[in-house]
Each structure stands twice: as structure tokens, then as C-alpha cells.
Amino acid sequence: MFDCIIKGGTLIDGLGSEPQTGDVAIKDGIITEVGGKLDGLAKRVIDADGAIVTPGWVDLHTHYDGQVSWDTEMAPSSHNGVTTIVMGNCGVGFAPVHEGQEKELIELMEGVEDIPGSALHEGMEWGEWKTFPEYLDYLSQRHFSLDISAQIAHGALRYYAMGERGRLNEDATEGDIAEMAKLVTEALEAGAVGFSTSRIVGHRSLWGEPVPGTFAPDHEVLAIAKAMKESGKGVFQMIPAGTIGKLESLGGERFTPQEEHDLMVRVSLESGRPVTFTLVQSPDYDPDLWREILDLTDEANSRGAQIYPQVSSRPIGFLTGLGGYHAFMRRPTYLREVAHLPLEQKVAAMSRPEIRKAIMAEHDVAPEEPGSMENVYGLFNVAAPALYPLQDPVDYEPDVSECLGAKAAISGVDPIDYLYDFLLEDGGTRFASLSAVDLPARMGVLQEMLLHPNTVTGLSDAGAHVTLICDGSMPTTQLAYWTRDRAKGDKIPIEYIVRKQTALNAELYGFHDRGSLEQGKKADINVIDMDNLKNENLLKNKGYNCLCKGSNNEVIIYFTDKRYDKKLEETFNLPDIAELAPEDQLDEVYDPSGEVASAPPELIQTRE
């Protein structure tokens with residue numbers, strides 16, 4: 001008796017094989033049979049005819065480090081087919097931590113990742129852990145709708161080992177470095193899946209201090225590599241200096257992208273472990289620098305290094321609207337007369353001629369916190385012409401004539417004036433995105449990155465940037481846009497895209513028990529209605545991430561069958577987990593004769 005059979009779907013196995021129609025059988029959270037037409041009784045049957053069946057996505061770059069304390073659903077990742085996440089990226093995290101250091105770690109996370117400090121103060125169960133192993137023990141006692149993994153972050157590590165000297169990026173002594181190496185080994189032995197560090201001066205705490213470790217000298221970084229070699233475990237994750245430009249307004253980066261790549265190669269060769277790092281088309285440098293970095297990666301890997309650039313499936317976009325950050329949010333009249341109002345009243349106030357005139361004539365007042373993400377208001381002022389209205393569905397290939405600068409020119413007004421009026425449209429619900437001027441060209445760059453054999457996909461930042469970036473749905477974009485929707489360029493075969501965000505990502509982090517539709521693998525499975533899949537509110541669009549419960553509560557299904565709309569909406573927010581099928585499906589068992597019969601009472605699965 002199987003727990004579940006997924007019948008008649010198009011199987012895309014995560015290994016790059018050609019799609020084929022077949023069944024998947026599940027028992028105790030494990031794939032027991034796959035392919036062809038399977039016989040046998042099952043407690044549940046999913047009719048996947050017309051849908052694709054894939055392994056669950058493995059998202060390598062998330063920031064749920066605080067959210068895991070108060071949430072079990074892990075949205076938006078769980079709404080986008082993700083079944084395994086890696087957190088603790090960018091050198092920021094919450095373990096290890098001495099009593100009394102919580103405030104500074106929160107301010108670091110708030111500055112770097114734009115996660116409200118109030119939520120982290122109130123929502124996290126501070127005191128439940130001190131060391132990184134204790135943090136993992138704490139996580140193991142909680143239940144989530146997907147699987148959680150964590151890296152030990154350089155920022156928390158340095159602060160824990162060195163106190164204020166570490167937090168303020170003073171040089172580490174030999175004793176400090178030995179202590180950090182010991183703590184990394186301890187974390188990896190306890191189950192940490194890697195170590196992360198950020199080296200860009202733009203990653204700063206709420207009060208403007210760079211992430212601890214930003215300027216760490218080579219010998220400190222290589223000592224961490226040696227610790228990883230001793231344990232024989234973990235991935236080294238890094239945000240190299242220069243990733244988002246030279247940042248001369250913040251004093252400038254201390255290292256070039258080429259120097260950073262050389263350091264990562266030495267880390268990999270010294271540790272014998274994989275290194276993954278953020279690769280984007282960085283401003284301020286040669287537009288083809290990313291190609292040079294990929295060439296350097298090929299050369300290094302031919303010498304025995306394990307370097308894996310991490311790339312995105314769409315341009316990372318900053319969103320602006322009255323419900324978030326925008327160009328006028330720091331004008332004195334806005335702060336005094338508008339900021340505290342609900343949205344409807346904001347629009348009414350900003351529509352008044354005297355309010356508009358005052359706001360447009362004023363200079364901005366900088367936020368008290370120099371590292372606050374609110375400082376992006378200045379960028380929106382300067383970049384107003386390059387903003388693109390956010391459409392539904394999202395258009396990733398808009399013509400340049402669609403940007404606000406072009407529309408302002410046609411209207412004969414200044415782009416900043418046009419932006420003001422735009423933000424008031426539709427009751428203040430309009431948003432615009434800032435990512436690249438020529439978006440079709442940028443998608444061409446991303447295609448070349450995605451097709452490179454050494455790259456992995458990630459950079460969703462899910463769980464972070466709650467007021468500025470909404471890239472937690474990148475896994476859905478990667479599937480829908482690149483395999484189906486792309487109009488201004490070649491599409492990518494679906495079997496390649498699925499492999500890119502399942503088996504390859506799982507292999508990088510040593511998750512050998514998942515990532516493919518193979519017998520014996522974890523039954524983390526997506527069943528996807530491709531005809532209706534798109535990036536919008538997935539609950540509204542009848543896309544759900546639910547749990548088909550095996551004995552280990554490990555079978556995750558991404559389900560979009562319209563037959564189950566009402567019931568799933570009613571059960572979706574059950575504590576801890578949601579059932580796959582509605583109540584009236586729980587007594588059904590598949591009979592190999594093709595009939596659905598009532599299950600014997602002893603086989604009916606209990607709802608939780």
C-alpha cells in the first residue's frame with residue numbers, strides 16, 4: 001500500500017532527461033517507484049494528467065534566519081514550489097550569539113536585508129540558543145512546510161569571537177582567528193551546511209558599520225577554509241567586493257572583482273570545498289566583466305577548484321510605490337503631513353495642489369540611521385526615468401518606450417513629476433521597478449549565465465527586503481519565463497531549467513537524498529499546472545504549496561487543480577502544515593483496476 005500515487009503527469013526528473021509521461025509512487029516520504037503506469041493500492045491518488053511533475057526546488061540564497069522563530073509556512077518560498085532552503089547567507093545570521101549581542105545582530109540584519117527590527121526583536125525566541133549547534137537544536141524542535149538548512153555567518157561569528165573589535169572590523173589576532181576556526185568546525189560538525197561572508201561596503205548595519213568580516217585579510221579567510229578542510233563539510237558562500245559596483249560614495253571597494261575571484265579560488269583549493277558567489281552584471285565596470293569572471297572560473301575549476309557562480313533568473317529589481325519606499329518619502333511636508341496616514345488618505349493628501357507644490361519644492365531629510373534601507377529614496381529620485389511600471393502579469397521584456405522617462409518625455413513633463421502622479425494612480429497601488437534600462441538585453445545576459453555549465457541558480461533573497469525587493473518568486477519566473485513565456489530571445493528547455501534548480505543545487509550543498517525523481521529519494525515533489533502558472537499572488541491564482549503527509553511529514557506538493565480551490569483555501573492555514581487533499585478525498589484509495597474505492601477505516605489518514 002502506497003501513501004500516494006501521482007498518476008499520469010509529465011515527469012521532469014531533475015537529471016536533464018527528456019520529459020516523459022508516467023506515475024510516481026510514495027511511501028513514508030520516499031519515492032518508491034517512478035515511471036510508467038504503476039499498479040498497487042494507494043491511500044491517495046493525484047491525477048496529474050496535463051501537469052508537469054518535478055522535484056521540489058532547492059533555493060540556495062534565502063534569509064529566513066529570524067522568520068524560522070515565528071513562522072512555519074516559510075512564505076513566499078513555500079508558495080513557489082521550494083522544498084529546501086539555505087539560509088545564513090551574506091555573512092549575516094543570529095548564531096552564535098552572546099547574551100547582550102542580540103540588538104547589534106538585529107541592526108545588522110535590518111540594515112543589510114531590510115527585515116524590520118521590531119519583528120526580529122519581538123518574534124525571535126532569544127535565549128533559546130547561544131552557540132550554533134544550539135541554534136540548530138532549536139530549529140530541529142520546530143516544524144516547517146519545507147526543509148531548512150543554515151550556514152554560519154561571518155558577521156555573527158566575528159562578533160561572538162571578538163566582541164566589539166570584531167563587530168567594528170578591527171584586525172583579528174591569531175587567537176581570534178583560531179577561535180573563529182574552532183567555532184566554524186563546531187558548527188559544521190553539528191550540521192551547518194556552510195559558511196558565509198560579505199565583502200561589499202554597501203552591506204551595512206542600521207548605523208552604517210560594514211558587515212563584520214567585510215575587510216577580513218586573506219589569512220583570516222583562509223583560516224576558515226582550513227577549518228572547513230578539517231571537517232570535510234560545507235560550502236563557502238561569498239558576496240565579493242564589486243558585486244554591486246565600486247560604491248565610491250561609501251568610500252569605495254578595497255578589492256577588485258578579479259582579486260576577489262583569486263581569493264575564492266585559493267579558499268576552494270585550500271579547503272577542498274565548493275565556493276559559491278553572487279555574479280551579476282555589475283555597474284561601474286566593463287559590461288562584459290561577468291564573462292571574464294566566468295572564464296576565470298572555468299580555468300580555476302580545470303585546476304581542481306570548485307567554483308560555482310550563483311546567478312539569478314531575472315534582474316534583481318527594486319520596487320517603489322506608496323506602500324513601500326519612494327522618492328518623496330523623506331521630504332519634510334511628506335514626513336509631517338502624509339507619512340502617518342493610511343494609503344487612501346495618503347493619496348488624497350498628495351493630490352492636494354498645495355501639498356504637491358510643497359513636496360516637489362523641498363530637499364530631502366536623510367534618515368537618522370545611515371545604514372537604513374530607507375536611504376534608497378535618493379536612488380529613486382535619480383533613477384526615476386529608468387523605472388518601469390509593474391504590470392500584471394509581469395512583463396520581463398518591456399520596450400524602452402514603456403519606462404517612465406519615455407512616458408514623461410511624451411507628456412512634456414519632468415520624470416520626477418511624472419513619477420509623483422504615477423504613484424497616485426489606482427488609489428496609490430501602482431508600483432514601478434528599477435533593474436535595468438534595456439531589460440530584453442539584460443535577460444540575454446542572464447540566459448548566457450544560466451546556460452553556463454558552472455553556474456547555479458539562486459539569489460531570491462526570500463525572507464528579506466520586505467519593503468523593496470520581491471524576488472522570492474524567482475523559482476516560478478525561472479520555470480514559466482525561460483521555458484514558456486520568453487518572446488524576445490530563445491527559450492531554454494524545461495528539463496535544463498528544472499535540473500538547474502533541483503539536482504544541481506542539491507548536489508552543490510551535498511543534499512544527496514533529494515533533487516531528482518528517483519527511487520529512494522525524498523518525495524519533495526512539485527505537481528504544476530503549467531498552463532495557469534504565473535507570477536502573481538499564488539493563493540489568488542489557485543496555486544498552493546501543500547503537504548501530502550507521509551509518516552515523516554516530508555512529501556510536499558505544489559498543487560493547482562481547480563477542483564480543490566474551496567477546500568484548500570479552508571485548510572491552507574492549518575497550524576504547522578496543510579493537507580494535500582480536501583476532506584472528501586481522504587477516504588479514497590486507488591485501485592489498480594482504475595476505480596476509486598472507499599478505503600478501509602484503518603487506512604484512512606488522520607488529519608492534523
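Worth saying up front: this structure is predicted, and the values here are computed from it rather than measured.
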Regarding [X] and [Y], do their side chains bring together a donor and an acceptor under 3.5 Å, going by distance alone?
| X | Y | value |
| --- | --- | --- |
| Tyr308 | Thr455 | no |
| Asp13 | Ser516 | no |
| Tyr135 | Glu128 | no |
| Thr276 | Tyr509 | no |
| Arg486 | Gln447 | yes |
| Gln67 | Asp71 | yes |
| Arg514 | Thr84 | yes |
| His452 | Asp298 | yes |
| His79 | Glu73 | yes |

[X] side-chain N/O to [Y] backbone N/O, donor-acceptor pair under 3.5 Å:
| X | Y | result |
| --- | --- | --- |
| Arg273 | Gly234 | yes |
| Asp513 | Lys522 | no |
| Ser268 | Met264 | no |
| Gln310 | Val456 | no |
| Asp65 | Gly88 | yes |
| Ser196 | Gly91 | yes |
| Asp23 | Gly8 | yes |
| Arg142 | Val68 | yes |
| Thr243 | Ile239 | no |
| Trp57 | Asn80 | yes |

Listed by chain and number, what are the ring pair (Phe, Tyr, Trp, His ring centres under 6.0 Å) partners of Tyr138, not counting sequence neighbours?
->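 If we apply the ring pair (Phe, Tyr, Trp, His ring centres under 6.0 Å) test to Tyr138, skipping adjacent residues, the hits are Trp129.
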Evaluate the salt bridge (charged side-chain N to carboxylate O under 4.0 Å, His left out) criterion for residues Asp471 and Arg314: first the C-alpha distance (whole Å), next the side-chain angles of each, then the deciding distance (0.1 Å), finally the verdict.
-> CA-CA 9 Å; Asp471 285 339; Arg314 68 187 189 214; 3.1 Å; yes
Do Asp47 and Lys7 pass the salt bridge (charged side-chain N to carboxylate O under 4.0 Å, His left out) test, and can you show the C-alpha distance, the side-chain angles, and the key distance before you say yes or no?
-> CA-CA 5 Å; Asp47 180 1; Lys7 299 288 295 183; over 6 Å; no
Test log, rule side chain to side chain contact (heavy atoms under 4.5 Å, CB included), inputs Ile46 and Val53 = CA-CA 11 Å; Ile46 299 172; Val53 181; over 6 Å; no
Could you walk me through whether Met228 and Lys233 pass the side chain to side chain contact (heavy atoms under 4.5 Å, CB included) test, one step at a time?
-> CA-CA 6 Å; Met228 298 180 77; Lys233 299 175 182 177; over 6 Å; no
Gap separating the [atom1] atom of [X] from the [atom2] atom of [Y], nearest 0.5 angstrom:
| X | Y | atom1 | atom2 | value |
| --- | --- | --- | --- | --- |
| Phe144 | Thr72 | CZ | OG1 | 8.0 Å |
| Ile497 | Trp482 | CD1 | CH2 | 7.5 Å |
| Thr457 | Arg499 | OG1 | CZ | 11.5 Å |
| Met474 | Leu459 | CE | CG | 6.5 Å |
| Leu508 | Leu60 | CG | CG | 6.0 Å |
| Lys27 | Asp3 | NZ | CG | 5.0 Å |

Would you mind telling me which of Thr21, Ile525, Val24 makes a side-chain contact (heavy atoms from CB on, under 4.5 Å) with Leu11?
->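 Exactly one candidate clears the test, Val24.
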Out of Leu439, Ile316, Leu319, Ile469, which residue meets the side-chain contact (heavy atoms from CB on, under 4.5 Å) rule with Ser433?
->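 Of the listed options, the one satisfying the test is Leu319.
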Do [X] and [Y] make a side-chain contact, defined as non-hydrogen atoms from C-beta onward lying under 4.5 Å apart?
| X | Y | answer |
| --- | --- | --- |
| Trp290 | Glu448 | yes |
| Ile494 | Arg484 | no |
| Tyr64 | Ser77 | yes |

What is the minimum heavy-atom distance between [X] and [Y], and which atoms define it?
| X | Y | answer |
| --- | --- | --- |
| Leu446 | Pro315 | CD1-N, 3.4 Å |
| Thr278 | His61 | OG1-CE1, 4.5 Å |
| Thr32 | Ile26 | OG1-N, 4.0 Å |
| Ser149 | Phe511 | OG-CZ, 3.7 Å |
| Ile152 | Ala95 | CG1-O, 4.1 Å |
| Tyr496 | Leu450 | OH-O, 2.7 Å |

Are Tyr481 and Thr476 close enough, and set up right, to give a side-chain hydrogen bond (donor to acceptor under 3.5 Å, both in side chains), and what steps lead you there?
-> CA-CA 8 Å; Tyr481 172 80; Thr476 299; over 6 Å; no
Apply side chain to side chain donor-acceptor pair (under 3.5 Å) to Gln306 and list each qualifying residue two or more places apart in sequence or on a separate chain.
->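 Here no residue qualifies.
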Heavy-atom count around Glu507 CD within 6.0 Å, excluding the residue itself: above 12?
->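 Not more than 12 within 6.0 Å, no.
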Quick one: do Asp485 and Lys491 make a salt bridge, cutoff under 4.0 Å?
->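 Not counted as a salt bridge, because no side-chain N and carboxylate O are separated by less than 4.0 Å.
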Identified side-chain hydrogen bond (donor to acceptor under 3.5 Å, both in side chains) counterpart of Asn89 within the set Glu113, Gln151, His63 =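 Of the listed residues Glu113, Gln151, His63, the side-chain hydrogen bond (donor to acceptor under 3.5 Å, both in side chains) partner of Asn89 is Gln151.
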Which one of Thr62, Thr477, Asp59 satisfies the side-chain hydrogen bond (donor to acceptor under 3.5 Å, both in side chains) criterion with Ser460?
->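 Single side-chain hydrogen bond (donor to acceptor under 3.5 Å, both in side chains) partner of Ser460 among Thr62, Thr477, Asp59: Asp59.
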How far apart are the C-alpha atoms of Gln391 and Asp395, what are their side-chain angles, what is the distance that settles it, and do they pass the side-chain hydrogen bond (donor to acceptor under 3.5 Å, both in side chains) test?
-> CA-CA 6 Å; Gln391 307 294 345; Asp395 183 1; over 6 Å; no
Over 60° means perpendicular and under 30° means parallel, so classify the ring planes of Trp126 and Phe94, tilted if in between.
->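 Taking Trp126 first and then Phe94, their aromatic rings stand perpendicular (interplane angle over 60°).
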Please test Leu517 against Gln519 for side chain to side chain contact (heavy atoms under 4.5 Å, CB included), starting from the C-alpha separation and ending with a verdict.
-> CA-CA 7 Å; Leu517 299 181; Gln519 190 174 10; over 6 Å; no
Apply side chain to side chain contact (heavy atoms under 4.5 Å, CB included) to the pair Met530 and Thr483, showing each step before the final yes or no.
-> CA-CA 10 Å; Met530 279 293 290; Thr483 71; 3.7 Å; yes
